Amino acid sequence: MKRFYKAASIDQSNDGFGVLLDGRPVRTPGGAPVRVTSKRLAEALSHEWSAQAETINPLSMPMTQLTNTAMDLMADVREDKIAELVRYGNTDLVCYRAERPQTLVATQEAQWQPLLDWLRQCHDINLKTFTGVLPQPQDSSALTRLREIISSYDDFALMALYMGATSAGSVVISLAMMENALTAEAAADAAQVDDRHQIQTWGPDEEAVARLARSREDIETAWRFRSLLTAA
């Protein structure tokens, strides 16, 4: 699509902040006027529209894409996404530990155990750890509590949490990042412990390196979206 406007700006009203293109409100693909509660997020959306060249490239507008998805789709799929995130409780990356080599065992313990300790201390969720890769059931009380925490997120925050969890392979890592217990960089490092070990052991693989870079970028995007949501 060709750029059809000269300037992007934001406006403020009783229901939050919107984005204007030449004074006209931006709408989601579903037709709803974009409204967000954070001025910083509205400014980021406006900046993405301002940065477009002669042709609009949606892939260069991650905050806009996440906002559109949160507004147009999340309400309809909310319960499915919550259920999917809760299922990570039984398969979460940080709960499954290697038996060897000792260097990997030690790195997993150092990177992942503090996250499980944080989850227990801050949210009273005690997830057990296992060796091997076969899924093992967690206590139902832990999963019930996990559902309560995830369900407390509004549609926008849930969008960020979901993107973080699917990119990291861990709802624990994503929750810690959403609640500022981890930076995006630290979250990506925690998510890629096993991959980095494989690269160090067997050498870099071009496809694997590219995949890890995309995952790191997606984790950063989820963190930035959440940060903008909570910015003053």
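Computed from a predicted model, the values in this text were never measured in an experiment. Quick note: numbers below take in every heavy atom, side chains included, and nothing from hydrogens, waters or symmetry partners. The first residue of the sequence shown is numbered 1, and numbering continues consecutively from there.
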Do [X] and [Y] share a hydrophobic cluster (ILVMFWY, side-chain heavy atoms under 4.5 Å, transitive)?
{"X": "L20", "Y": "M71", "result": "no"}
{"X": "W202", "Y": "V193", "result": "no"}
{"X": "I150", "Y": "V77", "result": "yes"}
{"X": "V105", "Y": "Y96", "result": "no"}
{"X": "V94", "Y": "V86", "result": "yes"}

What is the distance from atom [atom1] of [X] to atom [atom2] of [Y], rounded to the nearest 0.5 Å?
{"X": "L228", "Y": "L45", "atom1": "CG", "atom2": "CG", "answer": "8.0 Å"}
{"X": "H123", "Y": "S152", "atom1": "NE2", "atom2": "OG", "answer": "7.5 Å"}
{"X": "Q102", "Y": "R100", "atom1": "CD", "atom2": "CZ", "answer": "12.0 Å"}
{"X": "D194", "Y": "L93", "atom1": "CG", "atom2": "CG", "answer": "6.0 Å"}
{"X": "I199", "Y": "H197", "atom1": "CD1", "atom2": "NE2", "answer": "11.5 Å"}
{"X": "R196", "Y": "T201", "atom1": "CZ", "atom2": "OG1", "answer": "12.0 Å"}

Has the side chain of [X] got a donor or acceptor atom that lies under 3.5 Å from a matching backbone atom of [Y]?
{"X": "R87", "Y": "N90", "value": "no"}
{"X": "Q138", "Y": "K128", "value": "yes"}
{"X": "Q192", "Y": "L212", "value": "yes"}
{"X": "Y5", "Y": "W49", "value": "yes"}
{"X": "S167", "Y": "M163", "value": "yes"}
{"X": "S174", "Y": "S170", "value": "no"}
{"X": "D92", "Y": "G169", "value": "no"}

Considering the options I10, V34, V36, which one meets the side-chain contact (heavy atoms from CB on, under 4.5 Å) requirement together with L41? V36
The single option from V172, L175, L146, D139 passing side-chain contact (heavy atoms from CB on, under 4.5 Å) against I125: L146
Grab the two heavy atoms, one from [X] and one from [Y], that are nearest each other, plus how far apart they are.
{"X": "T55", "Y": "Q52", "answer": "O-OE1, 4.0 Å"}
{"X": "A142", "Y": "L127", "answer": "CB-CD2, 4.1 Å"}
{"X": "L21", "Y": "A8", "answer": "CD2-CB, 3.7 Å"}
{"X": "R147", "Y": "I82", "answer": "NH1-CG2, 3.6 Å"}
{"X": "V19", "Y": "S46", "answer": "CG1-CA, 4.0 Å"}
{"X": "A222", "Y": "M178", "answer": "O-CE, 3.8 Å"}

Under-4.0 Å salt bridge between R97 and E109: yes
Check side chain to side chain donor-acceptor pair (under 3.5 Å) between [X] and all other residues, then give those that pass, not counting sequence neighbours.
{"X": "E148", "value": "R145"}
{"X": "R35", "value": "D11, S13, D15"}
{"X": "D124", "value": "none"}
{"X": "Q200", "value": "none"}

Min side-chain heavy-atom separation [X]-[Y] under 4.5 Å:
{"X": "Y88", "Y": "L143", "value": "no"}
{"X": "E185", "Y": "W223", "value": "no"}
{"X": "T64", "Y": "P58", "value": "no"}
{"X": "T221", "Y": "M63", "value": "yes"}
{"X": "K81", "Y": "R78", "value": "no"}

Using the salt bridge (Lys or Arg N to Asp or Glu O under 4.0 Å) criterion, which residues pair with D154? Sequence neighbours excluded. none
Aromatic rings F156 and F225: how do their planes relate, parallel, tilted or perpendicular, breaks at 30° and 60°? parallel
Check against side-chain contact (heavy atoms from CB on, under 4.5 Å), R40 and T230: CA-CA 9 Å; R40 288 283 301 281; T230 57; over 6 Å; no
Does a donor on one side chain and an acceptor on the other come within less than 3.5 Å for [X] and [Y]?
{"X": "Q121", "Y": "D117", "value": "no"}
{"X": "T131", "Y": "E99", "value": "no"}
{"X": "Y162", "Y": "E84", "value": "yes"}
{"X": "E48", "Y": "S60", "value": "no"}
{"X": "Q108", "Y": "W112", "value": "no"}

Evaluate side-chain contact (heavy atoms from CB on, under 4.5 Å) for L161 paired with M177, printing each intermediate quantity in order. CA-CA 9 Å; L161 177 65; M177 182 173 65; over 6 Å; no
Check whether Y153 forms a cation-pi arrangement with R226 (NZ or CZ under 6.0 Å from the six-membered ring centre, at most 45° off the ring normal). yes
With side-chain contact (heavy atoms from CB on, under 4.5 Å) as the test, would you mind laying out the steps for D189 and L182 before giving the verdict? CA-CA 10 Å; D189 287 345; L182 280 181; over 6 Å; no
So for atom CD, which belongs to E217, do other residues, nucleotides or ligands contribute more than 12 heavy atoms lying within a distance under 6.0 Å? no
Show every side chain to side chain donor-acceptor pair (under 3.5 Å) that has at least one partner inside residues 19-31, sequence neighbours left out. T28-D72
